[in-house]
Structure formats: C-alpha cells, structure tokens
Student: 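Got a structure for you, written out below as structure tokens; questions coming shortly.
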Amino acid sequence: MARVDVVMPKMGESVMEGTVLEWKKQVGDTIEQDETLLEISTDKVDSEVPSPEGGRIVEILAEEGDTVDVGAKIAVIETDVNAEIGGDGAAPGGGGAEAEPEAAEPETRESEPAAPVAAAPPEAPAPAAASSTGGEQVDVVMPKMGESVMEGTILTWNKQVGDAIEQDETLLEISTDKVDSEVPSPAEGVLAQILVEEGETVEVGAVIARIAVGDFDASAAPAPAPTSAPAEPAAAPVAAPVTPTADAGPIPRQGSDGQLFSPLVRSIAETEGISQQELEGIAGSGKDGRVTKNDMLAYLDRRGSQPAAAPVAASVAQPVAAPVAKAAPVAPATNVARVAPPSAPSEGGPRVETIKMDRMRQLIAEHMTRSKATSAHVTSFAEIDVTNLVTLRERHKAGFQQREGVKLTYTPFFVKAAVDALKTHPLLNASVQDKEIVVKKDFHIGIAVALGTKGLLVPIVRDAGQKNVTGIAHAVADLATRARNKQLLPDELQGGTFTVTNVGSLGSLMGTPIINQPQVAIISPGAITKRPVVIEDPVYGDLIAIRQMMYVSLSYDHRIIDGAMAASFLRTYREAIEGIDPNGEV
C-alpha cells in the first residue's frame with residue numbers, strides 16, 4: 001500500500017506559507033491524478049492545488065483556514081486502490097465499489113445500496129493505465145526558462161498519448177510572460193501520459209507528461225473511462241421532471257463523440273451543474289478542439305445570464321425533494337438553445353471574420369497599452385545622410401560574411417551609434433521609479449525582431465558598450481535567429497536599457513515607436529532611399545547631389561526627457577553615422 005504525502009506548494013520565491021481555503025475532497029474520497037484537491041491562498045494569489053497521484057484520501061492534516069509553511073505535509077493519499085475499487089474484475093454495480101475500506105470482506109457489503117456513490121470510482125484507474133505499460137518511465141517537467149520565471153503555460157502538444165518520440169524531438173510548446181518556446185523530449189520512447197492540458201498554467205518543475213522508454217502497450221495509453229459509467233447515477237435520484245438533462249452528473253473522461261475532458265474541466269462541469277451533453281456542446285480552443293479551463297470560465301460567464309441552465313443541472317443532483325424546489329425555473333429551459341450561441345457573429349454579418357488573439361498578440365497588446373498609460377510619449381525626428389555607411393557596407397558585406405559567418409546588416413551600426421549617443425546623454429539610458437530616476441551605467445540594447453505576421457520580440461544585446469561592430473553583428477544575428485526559432489530564454493528579453501527598432505528594414509520610411517517599459521526612449525531608423533539633396537562643397541559651394549538618406553525618429557518619456565535633450569541626442573546620433581569613414585575597416 002503506497003502512501004503519498006501532499007505538501008503545501010511553493011508559489012513563488014518570496015512566498016513562505018499558504019492558507020488552506022477549501023478542501024475539494026474529504027477523507028475517504030477517491031481522486032484522480034491532477035484533479036483539484038484543494039484551494040490555497042498566499043499574500044499574492046489564490047490557487048488550486050492538483051493531486052500529485054491518483055488514489056484515496058486517508059488523512060487531512062490542515063483544516064480550512066489554517067496557515068502552514070511551504071513544504072509542510074497537509075494530506076496523505078493511498079495510491080494502491082486499484083484492487084480495492086473494482087480492480088479485481090468485480091461487477092461494477094454491486095457492493096465492490098462501496099467496500100473500499102474492507103475489500104477483504106465484500107460479502108458483508110453486498111446488501112448495502114451503493115449505487116449513488118459507485119459511479120465516480122471507475123474513473124480513478126484511468127490515469128494509471130498508461131503507467132502500467134511496462135518499462136521505465138521518464139518524467140517531463142515544466143522547464144525553468146529564466147531566473148525570474150516561475151510558471152509556464154502549455155500552448156500546444158506536438159505529440160499525443162501513444163505517439164513515438166525521439167530524444168530532443170519537439171514534444172510541446174510552452175509560453176511564459178516573456179517568450180514562447182519549444183520543449184524537446186528528454187528521452188526516446190512513447191508518450192505515455194499527458195498530465196496538463198493545453199491552455200493550463202503550471203509551476204516550474206511540475207510534472208507535465210511521462211514518457212515510457214521500455215516496452216509500451218500503445219493500446220492502453222489513452223485509457224478512456226467506460227462511457228457507460230454515468231448511466232448508473234442518472235437513474236438513482238428521483239429526477240423524472242427534468243428529463244432534458246438526465247445525463248447530468250459525474251462526467252466521463254471521454255465524451256460520446258470521443259472528446260477527452262481533463263480532470264479540471266470535469267470538476268468545473270460537475271461543480272457548476274453542467275451536464276455531459278452541455279459540456280460536449282462547448283467549443284474548445286485547445287488542441288483538436290479540446291475544452292480548456294479558460295473555455296469553461298468563458299462559457300460560465302455567458303451562461304450566467306441564462307438562469308434556466310444551472311437549475312436544471314442542479315435538480316438532477318438533488319435526490320427526491322430538489323425537483324420540487326427547482327420546478328419553477330425549469331420552464332424556460334426551452335430558451336437555452338435560442339440564447340446559447342454567441343452573439344458576436346451577428347455584429348458584423350456573414351462577411352466579417354472574428355480572429356482570436358494568440359498569446360503573443362495578447363502580450364504585445366498589454367505591454368503597448370501599459371506603456372502608453374505609463375510614459376508621456378513624445379517623438380522627435382532627424383534626417384541623416386548615410387551615404388558613407390552604405391558605401392562602407394557594400395565594400396565589406398561579402399568578405400565579412402565569408403570571414404565571420406554572419407551577414408553584415410545596418411543594425412549593428414545603428415546600435416553602435418546609439419551607444420555613442422547614450423554615453424553623452426545618460427538620462428536616455430535610465431528608468432523612472434516613483435519619483436526617482438534610475439540611471440543605468442551599462443548599455444543593454446534591445447533590438448526589435450519581427451516574426452513575420454505573428455508579432456515581434458525584443459531580445460537584448462548585453463553590454464553593447466563593450467562591443468565593436470563585429471561583436472554586435474554576431475550578437476544581433478544570434479538573437480534574431482533564435483527569436484524566429486523560438487529558442488530564446490526569458491532572461492534574454494528583459495533587462496534592456498534602450499531599444500533600437502529598425503523599421504526601415506521592413507520598408508517603412510519612418511515610424512513613431514512606443515517605448516519599451518521600463519525604458520524611457522526608443523530610436524527607429526527608417527528606410528534608406530536615394531534622394532536629391534543640397535550639400536555644401538568647400539570649393540563649389542551649394543550643390544545638388546544624389547545621396548543615400550534616412551529619417552530617424554526618437555520616442556522618449558517627457559517626464560524626464562525634454563525636447564532639447566532629445567534633439568541633442570539625435571544630433572550626436574546623426575554625427576556618429578555621418579562620420580563613418582567609407583574607406584575604413586569593419
């Protein structure tokens with residue numbers, strides 16, 4: 001008989017204790033792995049705690065309202081309940097399921113009516129089915145993506161249970177508040193279990209999947225629960241008046257259409273009185289249309305204005321007396337089909353497409369809106385003659401790529417010129433904290449990298465003030481490549497002191513960029529174009545010549561940077577670029 005301790009989880013670096021808000025299960029209840037066991041509260045956040053294993057709860061050591069230290073034992077689960085809960089092949093409808101504490105004496109329980117509580121236990125062995133496949137299993141954990149990152153969200157599972165996978169092959173994609181990244185498989189084998197659904201957020205170090213590296217029975221991997229299991233509890237309560245939702249009650253792991261429901265989704269459905277039929281009608285945003293926690297919460301928000309649905313489901317769960325109390329609200333149930341479809345498509349007609357923002361676009365939207373609300377944005381412009389720079393690059397780009405292995409672009413020159421200007425204008429390399437200005441002595445320059453039409457990232461060239469053009473070129477090429485291949489770490493996207501966004505590389509003549517918080521300025525070189533301009537010649541005076549010209553814009557925080565300082569910065573920036581020797585070396 002294996003016993004597993006449940007401990008108070010660590011919810012962050014500075015969190016040392018938590019308070020038990022509510023136990024979702026009680027002593028004697030069975031629970032599935034990753035099913036919600038309790039809710040806890042810290043001084044930062046309230047959170048649900050999933051069960052570390054499937055089994056039966058035998059001890060609860062912390063009462064609701066108790067505050068305990070992180071790591072302290074709060075409950076105990078017995079995991080070897082397979083043989084006790086119908087695992088020996090006993091008939092599912094008899095007393096075997098009720099006889100959990102005394103499996104050795106089933107004859108003393110045969111006569112007891114256990115139908116109302118015998119429906120849930122058959123699902124308990126389901127998560128364990130994949131683990132009984134033989135061979136060793138390797139845990140896949142949520143990786144640590146940086147010093148300050150404590151959790152991640154599952155975006156996409158690239159493999160499903162039963163699929164073969166090679167070591168280092170991409171298993172899934174995850175997202176943090178800074179970056180999306182691919183997670184390689186730690187071992188070669190077969191994906192035996194997926195423990196966290198797409199769209200769910202878990203702490204760093206939590207087990208999210210298991211890979212079988214020995215002999216594996218693929219047919220046992222999905223381990224769907226019998227779809228006939230919910231039939232028994234539906235008949236037990238006296239619920240004849242509410243036949244439209246007679247399938248309400250415990251939700252099976254696999255729906256009638258083959259869709260799989262996670263323990264969290266099923267728990268929400270059962271708590272909120274959502275029937276299996278109603279659950280199967282919810283449009284899922286997860287992989288292959290799976291319903292996620294966010295889908296459930298969004299559905300409940302819409303459903304909140306429909307009082308008929310909740311009472312109907314609730315009346316099924318209440319024995320005998322409940323239908324009498326709930327009879328009045330049941331009448332409008334015929335309206336459910338009419339009001340359930342979302343109203344959004346009718347807003348624009350049939351020729352309007354509604355596209356849900358992906359996580360990256362949501363983060364960009366939040367960051368840009370917050371920046372506009374934080375800083376007093378002002379933008380100044382300057383015009384730069386970049387003829388010398390263009391000449392120098394054209395002379396060296398072929399040899400540079402052959403010698404260094406990376407392309408020589410204009411971005412390293414723009415970064416170098418920005419550092420030169422920042423050294424004489426330190427307030428643009430600062431941040432604002434309350435009523436204080438924090439001036440940074442190091443120059444960590446962010447470079448905006450466009451990811452096609454999906455959005456952009458701003459990785460950081462660390463210590464750009466200590467690098468020459470060649471060193472910056474290598475750093476820029478490496479960061480841009482890894483940004484597009486989803487290989488950046490979150491730490492490489494934070495800590496910048498100033499940003500360069502080269503909108504000219506995308507064809508824009510000029511732009512008015514938004515400051516990348518908590519920085520106070522961002523510079524944007526525009527497209528380089530040939531134009532006739534007036535130049536001063538020491539011999540011939542004013543002449544009209546064809547020159548390579550570029551507009552540059554500087555957005556800055558007017559709380560600490562005035563127009564005069566911004567103009568001075570742009571003048572220094574222009575002089576650094578126009579002063580490049582076209583016959584020099586790179």
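Counting begins at 1 with the first residue of the sequence.
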Student: How far apart are the closest heavy atoms of S431 and P518, and which atoms are they?
Tutor: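 Closest approach of S431 to P518: CB-O, 3.1 Å.
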Student: Heavy atoms, side chains only, cut-off 4.5 Å: are H474 and V406 in contact?
Tutor: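 Sidechains of V406 and H474: in contact.
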Student: Give a yes or no on whether the backbone of L155 and the side-chain of E173 come within a donor-acceptor separation of less than 3.5 Å.
Tutor: no
Student: With sequence neighbours excluded, what pairs up with R484 under the salt bridge (charged side-chain N to carboxylate O under 4.0 Å, His left out) test?
Tutor: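 Partners of R484 under the salt bridge (charged side-chain N to carboxylate O under 4.0 Å, His left out) test: none.
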Student: For Q519 and T499, work out which heavy atoms get closest and say how close.
Tutor: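 That closest heavy-atom pairing would be OE1-OG1, 2.7 Å.
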Student: For I57 and V6: C-alpha separation, side-chain torsions, deciding distance, then whether side-chain contact (heavy atoms from CB on, under 4.5 Å) applies.
Tutor: CA-CA 10 Å; I57 302 169; V6 181; over 6 Å; no
Student: Compare all side-chain heavy atoms of N158 with those of T156 and state whether any distance is below 4.5 angstrom.
Tutor: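 Yes, side chains in contact.
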Student: What's the shortest heavy-atom distance between A450 and L456, and which atoms?
Tutor: CA-CB, 4.1 Å
Student: Kindly give the heavy-atom pair with the smallest separation between E32 and S51, and that separation in Å.
Tutor: O-CB, 3.5 Å
Student: With a 4.5 Å limit on heavy-atom distance, are the side chains of P50 and L195 in contact?
Tutor: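 Of all side-chain heavy-atom pairs linking L195 with P50, none is under 4.5 Å.
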Student: Taking only distance into account, with no hydrogens and no angle test, what donor-acceptor pairs under 3.5 Å do side-chain atoms of residues 59-75 form with protein atoms, sequence neighbours excluded?
Tutor:
{"unit_1": "E59", "atom_1": "OE2", "unit_2": "R3", "atom_2": "NH2", "d": "2.9"}
{"unit_1": "E64", "atom_1": "OE2", "unit_2": "W23", "atom_2": "N", "d": "2.9"}
{"unit_1": "D66", "atom_1": "OD2", "unit_2": "E63", "atom_2": "N", "d": "2.9"}
{"unit_1": "T67", "atom_1": "OG1", "unit_2": "T19", "atom_2": "OG1", "d": "2.7"}

Student: For residues I31 and E35, report the shortest heavy-atom separation together with the two atoms involved.
Tutor: CG1-OE1, 3.5 Å
Student: Within the 4.5 Å heavy-atom criterion, are D163 and I165 side-chain neighbours or not?
Tutor: no
Student: Test of understanding: with side chain to side chain donor-acceptor pair (under 3.5 Å), list the residues that count as partners of R482, not counting sequence neighbours.
Tutor: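 R482 satisfies side chain to side chain donor-acceptor pair (under 3.5 Å) with D478, E492 once adjacent residues are dropped.
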Student: Could you please spell out the steps behind the side-chain contact (heavy atoms from CB on, under 4.5 Å) verdict for I460 and Q494?
Tutor: CA-CA 7 Å; I460 309 300; Q494 55 191 3; over 6 Å; no
Student: Could you tell me which residues satisfy salt bridge (charged side-chain N to carboxylate O under 4.0 Å, His left out) with D463, sequence neighbours excluded, listed by chain and number?
Tutor: none
Student: With salt bridge (charged side-chain N to carboxylate O under 4.0 Å, His left out) as the criterion, how do E48 and K24 come out once you've worked through the C-alpha distance, each side chain's angles and the decisive distance to 0.1 Å?
Tutor: CA-CA 10 Å; E48 296 178 344; K24 299 295 185 180; 5.7 Å; no
Student: Run the numbers on Q276 and E280 for side-chain hydrogen bond (donor to acceptor under 3.5 Å, both in side chains), then give the verdict.
Tutor: CA-CA 6 Å; Q276 180 181 346; E280 292 176 357; 2.9 Å; yes
Student: Shortest non-hydrogen contact from I211 to A187?
Tutor: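 Shortest heavy-atom separation between I211 and A187 comes out as CD1-O, 4.1 Å.
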Student: So, taking the atom named NZ in K159 and the one named OG1 in T170, what distance separates them when rounded to the nearest 0.5 Å?
Tutor: 9.5 Å
Student: Take Q517 and S371 through the test side-chain hydrogen bond (donor to acceptor under 3.5 Å, both in side chains) and record every step on the way to the result.
Tutor: CA-CA 6 Å; Q517 296 296 324; S371 180; 3.1 Å; yes
Student: Kindly say whether H444 contributes a backbone atom to a donor-acceptor pair with the side chain of T497 at under 3.5 angstrom?
Tutor: yes
Student: For T374, give me all partners under side chain to side chain donor-acceptor pair (under 3.5 Å), at least two apart in sequence or on another chain.
Tutor: none
Student: Rounded to the nearest 0.5 Å, what's the gap from CD1 on I274 to CD1 on I282? Could you check?
Tutor: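 Interatomic distance, I274 CD1 to I282 CD1, rounded to 0.5 Å: 5.0 Å.
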Student: Assess the residue pair E270 and R266 against the criterion (salt bridge (charged side-chain N to carboxylate O under 4.0 Å, His left out)); give the C-alpha distance rounded to whole Å, side-chain angles, the decisive distance to 0.1 Å, and a yes or no.
Tutor: CA-CA 6 Å; E270 293 169 9; R266 282 179 280 151; over 6 Å; no
Student: Would you find a donor on one side and an acceptor on the other, under 3.5 Å apart, between the side chain of D295 and the backbone of T292?
Tutor: yes
Student: With E200, which residues qualify under side chain to side chain donor-acceptor pair (under 3.5 Å), at least two apart?
Tutor: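 If we apply the side chain to side chain donor-acceptor pair (under 3.5 Å) test to E200, skipping adjacent residues, there are no hits.
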Student: Evaluate the criterion side-chain contact (heavy atoms from CB on, under 4.5 Å) for residue pair L479 and V449; output intermediate values, then yes/no.
Tutor: CA-CA 9 Å; L479 290 171; V449 177; 5.8 Å; no
